[in-house]
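Below: one structure, written as structure tokens.
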Number of protein chains: 2
Amino acid sequence: MNSQYTIAVHCLIVLAKTPDHVWNSESLSQKVHAHPARIRKIMSSLRKNGLVETKEGLGGGYRMGCDPRACTLARIYQSISCEPLKLSWCATGCAQDPEFDRIRSVMDFAFTGAERGLEEYLDHWSIDSLIKRTEQSVTQEPETMAAGINEQMNAHIKKIGGEG
Amino acid sequence: MNSQYTIAVHCLIVLAKTPDHVWNSESLSQKVHAHPARIRKIMSSLRKNGLVETKEGLGGGYRMGCDPRACTLARIYQSISCEPLKLSWCATGCAQDPEFDRIRSVMDFAFTGAERGLEEYLDHWSIDSLIKRTEQSVTQEPETMAAGINEQMNAHIKKIGGEG
DNA sequence: TAAACTGTATCTATTATAATTACACTAATC
DNA sequence: GATTAGTGTAATTATAATAGATACAGTTTA
């Protein structure tokens, strides 16, 4: 998962924690340890998906654009469109290989399902739940959530017909 | 997902389809469209996890090392250790920022769960099930395509007045 | 002993990523 | 309306990750 994503989540946590404050890219960049222009670019993506509000001009900057409980990691994922599970096919000049294409399409199918499952998982985390967890700052057992996820995955596999 | 992974899966499909044949890195590289040295490196990882058998020396090469039904995408994933969901934290010099570290550890926690879910999902796919699926698409697609071509041909024959 | 392999390290080329710079545009304030 | 402080975005440069290429030691067969 690329750093755009972690930067986006980090910024949203900062914004959600200070609902009344407007942050500019300079101050956010110091919080998040990234370049202001990069912050602006990432925030721009989030704005297009309604996750943050931006204001140009003097005194402008960024503010939370939605309820932190509704701001799920899935929505952020979709805003950034990082596609970590997209398969890489570096092969050059395989246009004349139908067998290659067939394998490729079947694998792409399998990993489309994987990505869908990932998004369902990420839908269970929100900026709000992340903040609450940082405040607890105690590592709990991930088993309950993991178990729920596995059930989802299984349902998903049935749905798309994996190894059916 | 990096191309090491797709190359590994592709090679395993080739090996599983020809259980009695020993492939060397040169012949595999032509099938898979990658450099022989790269094939050897990837196969070496798979060997360490028991997915392929390798034999050095004259007449040596690679052969399937396990039942294709037991060769799941999860095992291949673990062999390659590509870690597509590993969070990237490009921030430099954040050693003195405890708040940053807390956010980081909570997010790492969330994505550890995501990766576990992914592996559970991939455990439902095997080299065997992938091969079966490619064979399905073989028997399906050519029929529909042939039908389409025949229609085109017939239309074309009418147009030029063949068989008149 | 020679030939045909794997295993692995190293170097180079290419690509992806991140930082930097620059500037047009916007909005508030004097 | 001029100035100031901000976003939006493109272009350029620097750096890191990835893939290809080469080389050679070690292994097995004949």
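Within every chain, numbering begins at 1; the chains are lettered A, B, ... in the order of the sequence lines, protein sequences first and strands thereafter. Keep in mind that what you see is a predicted model, and the values were worked out from it rather than measured. Every heavy atom of this structure was used, including side-chain atoms; hydrogens, water molecules and symmetry mates were not.
For A/R38, a side-chain nitrogen or oxygen approaches OP1 or OP2 of C/dA19 to under 4.0 Å. For B/H35, no side-chain nitrogen or oxygen approaches OP1 or OP2 of D/dA19 to under 4.0 Å. Applying the 4.0 Å criterion to OP1 and OP2 of D/dG6, one finds that A/S25 has every side-chain N and O outside that range.
One atom, CD of A/Q30, and another, P of C/dA19, lie 14 Å apart when rounded to the nearest Å. Regarding B/W89, its CH2 atom lies at a distance of 13 Å from the P atom of C/dA18, rounded to whole Å. Atom CD of B/E53 and atom P of C/dC5 are 18 Å apart (whole Å). Distance, A/K41 NZ to C/dT21 C1': 15 Å, rounded to whole Å. The interatomic distance linking B/I39 (CD1) with D/dG20 (C1') rounds to 12 Å, in whole Å.
Donor-acceptor pairing under 3.5 Å is recorded for the side chains of B/S25 and B/R40. Looking at A/S44 and A/R47, their side chains do bring a donor and an acceptor atom within 3.5 Å of each other. Side-chain N/O atoms of A/R133 and B/S105 include no donor and acceptor closer than 3.5 Å. Side-chain contact annotation: A/E115 with A/Y77, donor-acceptor N/O pair under 3.5 Å present.
End-to-end axis angle for the helix from C/dT1-D/dA30 to C/dC30-D/dG1, using five pairs per end and rounding to 10°, comes out at 10°.
Remark: side-chain polar atoms of B/D67 are paired, donor with acceptor, to backbone N or O of B/R69 under 3.5 angstrom.
Side-chain proximity of A/A37 to D/dT7, D/dT22, D/dT9: nearest is D/dT9.
A/H10 is listed as a side-chain neighbour of B/F100, based on a closest heavy-atom distance under 4.5 Å. Residues A/T6 and A/M1 form no side-chain contact, since every pair of their non-hydrogen atoms from C-beta on lies 4.5 Å or further apart.
Annotation: B/Y5 is in aromatic contact with A/F111 [ring centroid separation under 6.0 Å].
With sequence neighbours excluded, no residue satisfies ring pair (Phe, Tyr, Trp, His ring centres under 6.0 Å) with A/H35. Residues that satisfy the side-chain hydrogen bond (donor to acceptor under 3.5 Å, both in side chains) test with A/N2, not counting sequence neighbours, are absent from this structure.
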Item checked: Stepwise salt bridge (Lys or Arg N to Asp or Glu O under 4.0 Å) check, B/E99 with A/K31 -> CA-CA 9 Å; B/E99 192 180 351; A/K31 267 276 187 189; 3.1 Å; yes
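The heavy-atom pair separating B/L122 from B/T72 by the smallest distance is O-CB, 4.0 Å.
Near DNA chain C, meaning a heavy atom under 4.0 Å from it, residues 42-50 of chain B has B/S44, B/R47, B/K48 in order of number. Shown for residues 1-16 of chain A: no residue has heavy atoms falling under 4.0 angstrom of DNA chain D.
A/W23 and A/H21 have perpendicular rings, their planes meeting at more than 60° on a 0 to 90° scale where under 30° would count as parallel.
Nucleic acid contact for A/A34: none, since no nucleic acid atom lies under 4.0 Å from a heavy atom of the residue.
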Restricting to nitrogen or oxygen on both sides, can you table the protein-nucleotides 25-30 of chain C pairs closer than 3.5 Å?
residue : atom : partner : partner atom : Å
C/dT26  : O4'  : A/E56   : OE1          : 2.9
C/dT26  : O2   : A/G57   : N            : 3.2
C/dA27  : N3   : A/L58   : N            : 3.4

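Take the nearest nucleotide of DNA chain C for B/S88 and for A/R40: the residue whose nucleotide is more 5' is B/S88.
A/L51 contributes atom CG, which lies 8.5 Å from atom CD1 of A/I127 (distance to the nearest 0.5 angstrom).
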